[in-house]
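Just so you know, these numbers come straight off a predicted model, no measurement behind them.
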Amino acid sequence: MEVDAFQQNRPHPYFPQSLVIQGYVEPEHTPARLLVSMALIVSLPLVSLYLASKVYRPQLTLSDRLTMLWFFLSGSLHCLFELYYILNFSAIASNADFAASLWKEYAKSDSRYLAQNPLVYVLESITVFIIGPLSLWTAWRIWQRSSIGRYLGQLAVSLVHVYSATLYFGTEFLAKESNCRPETVYFAVYLVAMNLPWIVVPFWLIAQSFG
């Protein structure tokens, strides 16, 4: 019984320190390896899509290309990386694969991702099953140079991105106890810098949709 209790309440690096994460297993990959690998996984398809658009869609403006890359990036992250979270919602803490290690690293800035938080699960579900596919569809409409479909998708996705990101930040900042580790890198880089683009860029895209 004592061994089982230790396994369930194993020490972890997350805040608040009173948080109990059942079955927690340390990541097998270092933070540096995780971040570099993720950067490569994200950047290679984006560079490939950009180069392909230069060859097969030379009519697209630079603004169109960047917007298409934004929606492709958003849709890919939503439908792949965040889908993993939804499918492994209750088991990420005890998983040791690469994707679980990425989530564990990010959770240092927001432990709700390992605490099986209902709000996070609902937001991620909406993102995965609605916003992700709609983002990829919008990127495709830009590739097809369809103005009507593009701007409808662009407006819908951007509005939901702003709403969900505002809700995400608001519930964290108003919480009685912070879910973020005290080191600057986890707050400034992981929590703010990695999520702020999903407020700033959508605001610009919303304005563009009405322009």
Side-chain angles (χ1 to χ4, degrees), residues 5-31 34-35 37-38 41-42 73-132 135 157-202:
F6 176 77
Q7 290 294 331
Q8 290 185 353
N9 302 304
R10 183 177 297 174
H12 58 74
Y14 305 102
F15 273 62
Q17 294 177 316
S18 59
L19 179 66
V20 174
I21 303 178
Q22 295 187 351
Y24 175 72
V25 174
E26 287 283 345
E28 295 183 352
H29 308 279
T30 64
L34 289 170
L35 295 175
S37 299
M38 188 62 178
I41 292 171
V42 169
L73 170 64
S74 296
S76 299
L77 289 175
H78 297 336
C79 291
L80 297 175
F81 183 54
E82 290 167 82
L83 176 62
Y84 175 92
Y85 177 80
I86 294 299
L87 297 178
N88 297 274
F89 176 67
S90 60
I92 287 182
S94 57
N95 287 351
D97 56 47
F98 179 77
S101 296
L102 278 171
W103 279 113
K104 289 176 185 179
E105 180 63 20
Y106 176 75
K108 291 176 182 176
S109 71
D110 188 352
S111 63
R112 292 179 295 177
Y113 277 90
L114 292 187
Q116 300 180 24
N117 183 279
L119 174 64
V120 170
Y121 184 80
V122 170
L123 288 176
E124 289 292 349
S125 296
I126 294 172
T127 299
V128 168
F129 297 113
I130 299 177
I131 303 306
S135 295
V157 171
S158 298
L159 285 171
V160 179
H161 271 154
V162 170
Y163 175 77
S164 60
T166 301
L167 191 61
Y168 175 73
F169 276 124
T171 53
E172 167 59 21
F173 295 153
L174 294 175
K176 293 182 180 180
E177 288 186 290
S178 176
N179 297 291
C180 180
R181 287 188 58 86
E183 294 88 348
T184 301
V185 64
Y186 298 118
F187 177 79
V189 179
Y190 283 28
L191 183 63
V192 176
M194 287 186 177
N195 289 286
L196 195 60
W198 275 268
I199 290 182
V200 175
V201 175

Exercise for review: Mind checking side chain to side chain donor-acceptor pair (under 3.5 Å) for K104 and listing every partner two or more places apart, or none if nothing turns up?
Suggested key: none
Exercise for review: Please name the pair of heavy atoms, one in Y85 and one in Y113, separated by the smallest distance, quoted to 0.1 Å.
Suggested key: CE1-O, 3.2 Å
Review point. Within a strict 4.5 Å, meaning less than it, do heavy atoms of the S111 and P16 side chains meet?
Key: yes
Review point. For S125 and I86, which heavy atoms make the closest approach, and how far apart are they?
Key: OG-CD1, 3.4 Å
Check your understanding: In chain order, what residues pass the side chain to side chain contact (heavy atoms under 4.5 Å, CB included) check against A99, with sequence neighbours excluded?
Key -> Y84, D97
Point to revise | Residues forming a side chain to side chain contact (heavy atoms under 4.5 Å, CB included) with L73, sequence neighbours excluded | key: V42, L46, L77
Point to revise | Partners meeting side chain to side chain contact (heavy atoms under 4.5 Å, CB included) with V201 (sequence neighbours left out) | key: W70, L205
Point to revise | Residue pair Q22 / A93: nearest heavy atoms and the distance that separates them | key: O-CB, 4.1 Å
Exercise for review: Determine the minimum heavy-atom distance between E124 and W103, stating which atoms define it.
Suggested key: OE2-CH2, 4.2 Å
Review point. Residues two or more places apart in sequence or in another chain: which of them pass side chain to side chain donor-acceptor pair (under 3.5 Å) with S74?
Key: W198
Review point. Given the side-chain rings of F15 and Y186, with only the six-membered ring counted for Trp, is the space between their centroids under 6.0 Å?
Key: no
Point to revise | ring-ring contact (aromatic ring centres under 6.0 Å, His included) involving Y168 - partner list, sequence neighbours excluded | key: none
**Study point:** Contacts of type salt bridge (charged side-chain N to carboxylate O under 4.0 Å, His left out), residue E105, not counting sequence neighbours
**Key:** K108
Revision key, fill the gap. Sorted by chain and residue number, the side chain to side chain contact (heavy atoms under 4.5 Å, CB included) partners of F169 (sequence neighbours excluded) come out as F173, L191, N195, I199
Point to revise | With H78 via side chain to side chain donor-acceptor pair (under 3.5 Å) - residues at least two apart | key: E82, H161
Practice item. Of all the heavy-atom pairs spanning H12 and L19, show the shortest one and how long it is. Key: NE2-O, 2.6 Å
Exercise for review: Sequence neighbours left out, what passes salt bridge (charged side-chain N to carboxylate O under 4.0 Å, His left out) with E183? Give chain and number order.
Suggested key: R181
Practice item. Under the ring-ring contact (aromatic ring centres under 6.0 Å, His included) rule, collect the residues that match up with F187, sequence neighbours excluded. Key: none
Check your understanding: By side chain to side chain donor-acceptor pair (under 3.5 Å), which residues pair with S37, not counting sequence neighbours?
Key -> none
Check your understanding: Which atom names give the shortest non-hydrogen contact between N95 and N88, and what distance separates them?
Key -> ND2-OD1, 3.6 Å
